[in-house]
Amino acid sequence: MADKDNSDDDGDVGLALKTRPKTKRPPLYKVLLLNDDYTPMEFVVLVLERFFGISHSHATEIMLTVHKKGLAVVGVFSYEIAETKVQQVMDFSRRHQHPLQCTMEKE
Ligand code: TYC
């Protein structure tokens, strides 16, 4: 007679277990670096190391991809983190008077 009232011990009722909980993951955003003709290559590598925690050799590869292809994704983040990275790169570049552009785009 442990189950005579058609309930178990998990604190909810049978019907609720049959509906899938709606746990939509938050959208992710790609952070993109754009090529230009003026920003020094070493500065772009420094940006990738400093703000994205990327190693010197990988940063050099990404920088060269941007240089050749025009742009590259440097990381994928939640909205707030992506927004912060873009701001940090833009602020740092402006302070050093480089025209480097960094943007974000929903994945
Ligand atoms: N094209 C730049 C140069 O030749 C280098 C560069 C690479 C600039 C990547 C921006 O996102 C960039 N000095």
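Since the model is a prediction, treat every value here as computed from it, not as a measurement. Ligands are counted one by one from 1 in listed order, and the atoms in each one are counted from 1 as well.
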What atoms in ligand 1 come closer than 4.0 Å to a heavy atom of Leu100?
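Near Leu100, meaning under 4.0 Å from one of its heavy atoms, ligand 1 has 10 (C), 11 (O), 12 (C).
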
For ligand 1, which atoms have a heavy atom of Leu33 less than 4.0 angstrom away?
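Listed by number with element, the hits are 11 (O).
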
How close does the nearest protein non-hydrogen atom get to [atom], and which residue and atom is it?
| atom | value |
| --- | --- |
| atom 2 (C) of ligand 1 | Asp36 O, 3.2 Å |
| atom 4 (O) of ligand 1 | His67 CE1, 3.1 Å |
| atom 6 (C) of ligand 1 | Asn35 OD1, 3.4 Å |
| atom 9 (C) of ligand 1 | Val66 CG1, 3.5 Å |

Approximate separation, where rounding is to 0.5 Å, of Leu46 CG and His56 NE2:
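It is 10.0 Å, given to the nearest 0.5 Å.
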
Please work out which of Leu34, Thr39, Val89 has its closest non-hydrogen atom nearest to atom 12 (C) of ligand 1.
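Residue with the shortest heavy-atom distance to the ligand atom: Leu34.
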
Would you call the rings of Phe92 and Phe43 parallel, tilted or perpendicular, taking 30° and 60° as the class edges?
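Ring orientation, 0 to 90° scale: parallel.
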
Would you mind reporting whether Asn35 and His67 have side-chain heavy atoms less than 4.5 Å apart?
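The answer is yes, as the side chains (C-beta and beyond) meet within the 4.5 Å cut-off.
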
Please find out if less than 6.0 Å separates the ring center of Phe77 from that of Tyr29.
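Aromatic pair excluded; centres sit 6.0 Å or further apart.
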
Which atoms form the tightest heavy-atom contact between Glu105 and Leu32, and what is the distance?
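What the structure gives for the nearest pair is OE1-CD1, 3.8 Å.
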
Between Lys85 (side chain) and Phe51 (backbone), is there a donor-acceptor pair under 3.5 Å?
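Checked: pair present.
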
